[in-house]
Amino acid sequence: MSSSTAQPPWTQPKPSYSPADLNLEPPLKVYNSLTRSKDTFLPEKSDAVTWYTCGPTTYDDAHLGHARNYVSTDIIRRIMRDYFGLPIKFVMNITDVDDKIILRARQQHFFGNLKKEHGGDGAPSSALLETTRAAFHHFLTERLPLLPADVTPETYGAAAGEHYKRVLDGQALKEGEAPGDKEAKLKMHLKAAAAAAEALQHASSASSLLQKTEDILLPYLDSLHSSSVDSHDHDLFLRLTRKFEDRFFEDMGALNVLRPDVLTRVSEYIPEIISFVEKIVDNKFAYVASDGSVYFDIPAFEKAGHFYARLEPQNKKNQDLLADGEGSLASASGKRNESDFALWKASKSGEPSWSSPWGEGRPGWHIECSAMASAVLGKSIDLHSGGCDLCFPHHDNELAQSEAYWTVDNAPVQWVNYFLHMGHLSISGMKMSKSLKNFTTVRDALLQPEWTSRSLRICFLLTSWHDGIEVTEGVLKETAAWESKVNNLFFKSLEAARSRKAGTTGLYDEKKASEADPELYATFKAAKEKLDEALRDSFNTPVAMRVMSELVNEFNLASKPSDDTLLLISSWITRIATIFGLDTEGDFRDPNRVAWSGLEIPDSVRPYVFPASELRDKVRQLAVSDSLDHAALKQLAESARSPLQSLPESATSSAASNPHAQVLDTFITSTARLADDKAPAKALLELCDQLRDTHLWNLGIYLEDRDPPLPALVRPVDRFLRNTRAARESAAAEKAEAKRRREAEEAERKRALEEKAKVSHLEMFKAGGEFSEWDADGIPTRDSEGKEVAKSRRKKLVKEWERQKALHEKWLASNAGS
């Protein structure tokens, strides 16, 4: 087997410390993309785990595919830091010099100029219409070449339906092939062209025209003006990246993703990148092309005994992936070998450039990470992570060029010890992609009812970090069910915690829990061991999540478990959930936290909500008792006012305008009135239901009734309750509508039957012109053409006549007196 295809050697790090010193016994196993196996994780040094992760290319908003990568990375980082106690130096790069960024920045610059000159609410100018029509034809020629050259906005729809019918019908462009990214891009182009064609025919204003034709104007304007850009005007390009870098970290903050310890930007490391390339050239693993571009020399690298494409050797000759990695230099003529990749790209018109020993130019895509990671972390890195789509060529090229940089006398170099690659997130079987515009941004997702920062993270925790996720209805239901189950446990623990205060020994006593509920306590101890085993098994969060879920199940099945056991279990689950990043406000080191944030009743409404709930519990108990004591009911109402009267003057003055205080006051007053009226139990229960289902619900509070003597749980109205209630109300509405339709149909049937009954059997066949002669009873003897009615048909007519006779005579009898 040749060196280019053999499995490259990997050396287990041999640290000078004891693994027990870092809580790594039992060993922590990590799935390593370098070896395609689970390897024992041992950082090279005990003072910090060095970790480099590929950050975003900042030219658009982050989408759910990015969330999958960075949230899953954050989960592993938190587990290593907070569960295993490993010190971490976490480095992330920002790619702010890149083909996509350059193109997008130029396009937005030229489009902005066009808007300034020709935008507004007035009718489109002739110059704008001319430019837009030219852009339309340019777009069709470049993106939809099957369309005839003479297609106009008016004929576009018919032409697209004829020449791209297969794609529009969801099939592959070529018969016999399966539809894929190519068809997805064509659909995107067809949609953009259709929107432009419609706008060119009907746009009422310049601003509307520009908005609807932006997708076709961007490439056209760039084709006209790209050469006019000053290559040293770096701010023209960096304005775009700075904007989306800020938005990226806003999105990550909303997802509770920790910020990196060190952030590197390509534009700020140009000198280091140039020096890095220079050394690779000096080491004879790169060459300078005639145009000033510098290419990595793969044959020379392999000839010296190194391995290329360590991560995905099977893709070494994949021209599509290679071309995607090279961007604007994919077909450059200066290469000695087709697979060689650019370390430095010679300056081209309209692109940012910097001075270098080889002339004006800019970094290649792959070199940035090698140079920046090496500059910050040195010759050897413990962990390197990114999305699985970066394995080849990006990370394979990083490995090759970093080994070429650090090698001395061709001695083996292991630049990265462990590679972690996060699985994709897909919808309808297709990976999310900015280029395909089939993505949902993080911002948009968090506005949808099914996604919150917590639920999104739960979704990722329920799947192995290196496996893909297909977002389906089943996944959403599983995510919601897990969160709802844990919420219900936490509501109970908050109720228990409210009745006791943490002293010097904490909110609960583990010894008391073990004595009060020995079987449940044993289950809890076993769950802790199983979860530890799962996290040491390459951060197996699906198993960890299942362990917690099963522990909650066991608690729910237990017979009257003690509050100490409830609070012990809740505290542990809260700690693990916080370590997983499921609580944006929590501290995993606080043993007195027994629920994640967002479930507590705000302090400002507690003085009113809890007294209302307590009074309601007592009213319900009286209402269902064998004998309803109205005097006792009156006393309950009067006693309930004392909390309001004991509030400080400032609180009392604000209570008048506080809706929660008003609800409490109204409930007390209504209870007292019903006591005075000696109202039946039914009226009291209706009052209690109204407090729960209307008044407090409208204020975002829900009272969850439990079997006596347990009090109702006071909890905020969350999306699970809203969804459950909405589903219940929807089902009730459907049932009511179905009943209404049945009653309406029955009423219509009766009305039609009554109208029919009014018709005399003697006259029933004489209307309509179907017959021409009848006997004395009105039964037809000849049809409309004068032909005698056949005997078989006459028998049927007689039966109809007899039924109508009975119906009509019954109607006559019922209306005889009217």
Legend entry - For the student: nearest non-hydrogen atoms of Val30 and Phe41, plus distance: CG2-CB, 3.6 Å
Legend entry - Ionic contact status for Asp587 with Arg589, cut-off 4.0 Å: yes
Legend entry - Trp406-Ser374 side chain donor-acceptor pair, cut-off 3.5 Å: yes
Inset, instruction - Go through the steps for Met80 and Leu383 under the test side-chain contact (heavy atoms from CB on, under 4.5 Å), then give the verdict. - result: CA-CA 12 Å; Met80 294 183 74; Leu383 290 167; 3.8 Å; yes
Inset, instruction - Might you point out which heavy atoms bring Leu34 and Asn417 nearest each other, and give the distance in Å? - result: CD1-O, 3.8 Å
Legend entry - Any side-chain donor near an acceptor of the partner, Gln12 and Asp39, under 3.5 Å: no
Inset, instruction - Say whether Asn397 and Tyr308, considering side chains only, have a donor N or O and an acceptor N or O under 3.5 Å apart. - result: yes
Legend entry - Point-to-point distance, once rounded to the nearest 0.5 Å, from CE of Met372 to CG of Asn93: 4.0 Å
Legend entry - Any side-chain donor near an acceptor of the partner, Ser455 and Glu483, under 3.5 Å: no
Inset, instruction - Kindly write out the residues that satisfy ring-ring contact (aromatic ring centres under 6.0 Å, His included) with Phe460, not counting sequence neighbours, or none if the list is empty. - result: none
Legend entry - Stepwise side-chain contact (heavy atoms from CB on, under 4.5 Å) check, Thr541 with Arg546: CA-CA 8 Å; Thr541 59; Arg546 187 163 64 247; over 6 Å; no
Inset, instruction - For Trp51 and Ser385, test the side chains for any donor-to-acceptor distance below 3.5 angstrom and give the result as yes or no. - result: yes
Legend entry - Gap separating the CG atom of Leu713 from the CG atom of Asn488, nearest 0.5 angstrom: 8.5 Å
Inset, instruction - Flag the pair Arg575 and Asp590 as a salt bridge only when some basic side-chain nitrogen lies within less than 4.0 angstrom of an acidic carboxylate oxygen. - result: no
Legend entry - Mutual orientation of the aromatic rings belonging to Phe419 and His384 [parallel < 30°, tilted 30-60°, perpendicular > 60°]: parallel
Inset, instruction - Measure from the ring center of Phe276 to the ring center of Tyr405 and say whether it is less than 6.0 Å. - result: yes
Inset, instruction - Assess the side chains of Glu368 and Thr95: does a donor N or O sit below 3.5 Å from an acceptor N or O? - result: yes
Legend entry - Salt bridge Lys530-Asp537, side-chain N to carboxylate O under 4.0 Å: no
Legend entry - Ring centroid separation Tyr418 to Trp10 under 6.0 Å: yes
Legend entry - Closest non-hydrogen atom pair, Tyr31 against Arg36: OH-CA, 3.4 Å
Legend entry - Salt-bridge contact Arg310-Glu403 (side-chain N to carboxylate O under 4.0 Å): yes
Inset, instruction - Determine yes or no for a side-chain-to-main-chain donor-acceptor pair under 3.5 angstrom, with Thr50 supplying the side chain and Asp382 the backbone. - result: yes
Inset, instruction - Verify whether one side chain among Ser484 and Asn487 offers a donor that lies under 3.5 Å from an acceptor in the other. - result: no
Inset, instruction - Say whether, by atom type as modelled, one donor and one acceptor occur between the side chain of Asn592 and the main chain of Gly506 under 3.5 angstrom. - result: no
Inset, instruction - To the nearest 0.5 Å, tell me how far Lys29 NZ sits from Thr40 OG1. - result: 3.0 Å
Legend entry - Neighbour count >12 (heavy atoms, 6.0 Å) for atom CD, Glu250: yes
Inset, instruction - Heavy atoms only: give me the nearest Cys459-Val475 pair and the separation to one decimal. - result: SG-CG1, 3.6 Å
Legend entry - Near-ring test His395/His421, centroid separation under 6.0 angstrom: yes
Inset, instruction - Could you point out which residue of Arg77, Arg81, Lys89 forms a salt bridge (Lys or Arg N to Asp or Glu O under 4.0 Å) with Asp261? - result: Arg77
Legend entry - Pair Asp74 + Arg457, salt bridge at N-O below 4.0 Å: yes
Legend entry - Non-hydrogen atoms of Arg454 and Ser597 that approach each other most closely: NH2-O, 3.0 Å
Inset, instruction - Take Met548 and Trp482 through the side-chain contact (heavy atoms from CB on, under 4.5 Å) test and state the conclusion after the steps. - result: CA-CA 9 Å; Met548 289 188 284; Trp482 195 95; 3.9 Å; yes
Inset, instruction - Report the residue from Phe248, Trp465, Phe90, Phe249 that forms a ring pair (Phe, Tyr, Trp, His ring centres under 6.0 Å) with Tyr70. - result: Phe248
Legend entry - Electrostatic pair Arg242:Glu245 at N-O distance under 4.0 angstrom: no
Legend entry - Crowding at NZ, Lys485 (>12 non-hydrogen neighbours, <6.0 Å): yes
Legend entry - Donor-acceptor contact present, side-chain His63 to main-chain Gly65, <3.5 Å: yes
Inset, instruction - Give the minimum heavy-atom separation between Leu599 and Ala595, together with the two atoms involved. - result: CD1-CB, 4.4 Å
Inset, instruction - Decide whether Asp532 and Tyr83 meet the rule of one side-chain donor and one side-chain acceptor closer than 3.5 Å. - result: yes
